[in-house]
Every structure is written in structure tokens, then in C-alpha cells.
Novice: 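Here it is, the structure, as C-alpha cells.
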Amino acid sequence: MEADIDFKRAAIYCLAVGAGVGVIASIPILRLPNICCLWIIAGGFAAAYLSARDVMEVEAADCAIIGGVYGLIYGVAVNVATFVVNLPLNILGVGALARGFTGGGVLDRLGVHIGLAMFGDAAVAVLNIILGVVFGCVGGLAYAALAELAGPKPKPRTPARQAPKGKWKARD
Amino acid sequence: MLLAALSPPFLQYAGMGSLTGYAYHVFSRVCHQIPSRSPALLGGMVAVCFRCLGIYAGLFLGCLFYRQPASGGMPKPHLLLAAAFPMAADVLLESLGIYQGSNWLRLATGLVFGLIIPFYLIPSADKAGNRLMLFIRNPT
């Protein structure tokens, strides 16, 4: 049991959880329609739990920071994973056509549409990172709140001095 | 973010309808955008649902009205759970089919949740900045 969070170890947990959840959340079938930000909040909670599970008293701001760092990594990971999926479609211009452009002369201005699709993806990337940080923080804070409700963890017991084997005699 | 979410109906109204597709695409990653659950303005659909709009509006208002508590730091984390509870209950009960929520309730519960977030986010960002500065000055 430690007194304070080890931020180097926490960074590794944030990286692992952020990359994992980012890749999972980029799979369309796993995006739950009714709870849009569930993956982000759950990941922030998990990162804070993993980082602070061995800590005696958890500080809410530390958990929020861990959640925020996780959210940042999540945002980058989900963008990279989505980019890999969308890249072939964007090169072919299919992404531009699929994203609601209904004006005439599409093939004449294909470059413009591809550019707009790329701009749309850049905007999505920024939004993902902002929302990742905000809701990752919320996840970390949710863990801090639950940890506080559960009360402080017991202090580690110092090993008791062993009595010498055999018949013990008091000193004179 | 709030302005970007609200932009599609206005873009359509201003005769830039071809750009609305991109605005919808931007928010499609973070919101289901079901038409029956999304607000409509000037005859066009907003890019996010009532709940997400409530959260974004709450975030905006929370940042606008943020004042550091007299005790410093941030409020107890329980307050965040309390603010999230109505929204979580609404989502859960609706997902289980126990009741059919209304759009205004989704907006209101999202707004309450979003409103409280800056009171945690801003002090956390402040503390993170301080830690980062300390780390830069003394990396060991």
C-alpha cells in the first residue's frame, strides 16, 4: 500500500487503457447508441482504478488528471483507428459522397469534396480529443467519488516482533 | 462545440446546405443522432441529440458561471455522482424498457450533468498544469 499515486506507472496504465478502449470504440458495432460517451467514462474509471488501487487515500484531482490523460490517449487512438478504416474510402472520394453532399457536378469538383471530407475528419479528431479529456476526467472523478464512499483503505500492518522460540523468560 | 452542434439548421437556412453533411459527420462519432430524439431548429435537425445538447449547453454555462469555491480546490466528488444520477437513471430505465423518457427530460438531465463538470475540470486542469510545470523544472 502506497501513500501517493505513482504517476509513471499511471501513465503506462493510461496508455494501455486508452489505446485498448480507443481501438474498441472505433469498431462501429460496439458503439452503444443510447450511451454515447460510455466507453470514454468507463476507460477513465478503469485507468484511475488501476493507478490508485494500491494507494491508501485517493485524491480527486489526481484521479481527474489520470482520467484526462487517459482521455487524451483515447482521443488519439480512436482517431488513428478510425483514420485507418476511413483512409481507403477518403482516397476514393467515397467518404465525401457518403457524407451528405447532394450538390450537382460531384465528379467535376471531386478534389473539393475530398478536401472537405478530410477537413471533416480533422474536426472529428479534435472533437474526439476534447470529449475524451472531458469525459475521461469524469470517469476518473467517478472512481474518486466511489473510493471516497468506500472510505480510506487500511494502513499496512507493520510485522510484529517475533518472540524467541522456546520458553520465553522476562529479563531481570 | 455547442455552436458547431447547433450549426446545421443555420447553415441550411443560410443556403450552405452542402456543409450540413459534414457537420453531421463530425458529431456522428459521439452521438446517435436519432431524428426523433434530436431537436429541430428552423426546420433542420441539430447535429446532436437532446441529451448531448444538454451536456454541451451545461458545459458552456458551467464554464461561464464558474467561480472557485471559497475553500479552494474542487467540490466533493459525491456532487458529481449526484449530478450524474438523474441522467444515468434516465438512460438505464429507458434502456431496460421500464419507461419511455421525454426529450425535455433528456435535455434537463444532460444539462444538470454538464453544468457541474467544469467545477471539477477547471481545478483539475489547474493542478495538472502546476504538476507539469514542477516536472519541467525538476524532471527527476
Side-chain angles (χ1 to χ4, degrees), chain A residues 7 25-26 28 31-38 40-41 58-69 78-79 82 95-103 112-113 116-117 119-128 130-135 137-138 140-149, chain B residues 1 4-5 8 17-34 37 48-49 51-52 55-56 59 73-84 87-88 90-92 94-95 101 106 113-114 116-118 120-132 135:
Chain A
F7 274 89
S26 68
R31 281 164 56 200
L32 304 176
N34 205 21
I35 318 165
C36 315
C37 304
L38 181 77
I40 315 177
I41 295 176
V58 178
E59 214 176 309
D62 288 342
C63 288
I65 292 169
I66 291 167
V69 172
V78 81
N79 285 330
T82 309
L97 301 178
R99 283 167 202 164
F101 186 85
T102 51
V112 175
H113 307 316
L116 280 170
F119 172 75
D121 284 342
V124 172
V126 173
L127 186 78
N128 273 330
I130 293 171
L131 288 177
V133 171
V134 170
F135 289 105
C137 246
V138 170
L141 285 164
Y143 172 73
L146 289 179
E148 207 171 290
L149 278 177
Chain B
M1 226 154 73
S18 58
L19 291 175
T20 56
Y22 296 101
Y24 288 128
H25 168 65
V26 167
F27 285 94
S28 66
R29 295 293 310 168
V30 290
C31 182
H32 53 65
Q33 299 177 325
I34 298 170
R37 291 191 190 178
V48 291
C49 68
R51 186 174 290 126
C52 289
I55 295 172
Y56 296 162
L59 276 168
M74 60 171 72
K76 287 266 180 196
H78 307 106
L79 188 62
L80 183 73
L81 287 187
M87 192 179 75
D90 186 40
V91 169
L92 194 70
E94 207 179 315
S95 300
R106 290 183 193 116
F113 181 56
I116 208 78
I117 293 175
Y120 294 91
L121 209 61
I122 294 170
S124 302
D126 188 36
K127 192 172 179 185
N130 287 341
R131 274 185 187 272
L132 195 66
F135 181 74

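Chain identifiers are assigned alphabetically (A, B, ...) following the order of the sequence lines, protein sequences preceding nucleic acid strands; residue numbering begins at 1 within each chain.
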Novice: Can you name the nearest heavy-atom pair linking Val138(A) to Leu80(B), along with the distance?
Specialist: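 Minimum heavy-atom separation between Val138(A) and Leu80(B): O-CD2, 4.0 Å.
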Novice: Less than 4.5 Å to any heavy atom of chain A: does that hold for the side chain of Leu59(B), its backbone, both, or neither?
Specialist: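 Contact with chain A: side chain only.
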Novice: Measure distances from Val126(A) to the heavy atoms of chain B and classify the residue's part below 4.5 Å as side chain, backbone, both or neither.
Specialist: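 It is neither, since no heavy atom gets under 4.5 Å.
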Novice: For the candidates Val134(A), Val78(A), Ile65(A), Ile130(A), which exhibits the highest count of non-hydrogen atom pairs separated by less than 4.5 Å from chain B?
Specialist: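 Of Val134(A), Val78(A), Ile65(A), Ile130(A), Ile65(A) has the most heavy-atom pairs under 4.5 Å with chain B.
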Novice: With a 4.5 angstrom heavy-atom cut-off, could you sort out which part of Leu141(A) is near chain B: side chain, backbone, both or neither?
Specialist: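 Looking at Leu141(A), backbone and side chain both touch chain B.
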Novice: Apply side-chain contact (heavy atoms from CB on, under 4.5 Å) to Ala84(B) and list each qualifying residue two or more places apart in sequence or on a separate chain.
Specialist: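 Only Phe113(B) meet the side-chain contact (heavy atoms from CB on, under 4.5 Å) criterion with Ala84(B).
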Novice: Apply side-chain contact (heavy atoms from CB on, under 4.5 Å) to Ala61(A) and list each qualifying residue two or more places apart in sequence or on a separate chain.
Specialist: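 Here the qualifying residues are Met74(B), Lys127(B).
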Novice: Test side-chain contact (heavy atoms from CB on, under 4.5 Å) on Leu146(A) and Leu81(B); report intermediate values, then the result.
Specialist: CA-CA 9 Å; Leu146(A) 289 179; Leu81(B) 287 187; 4.0 Å; yes
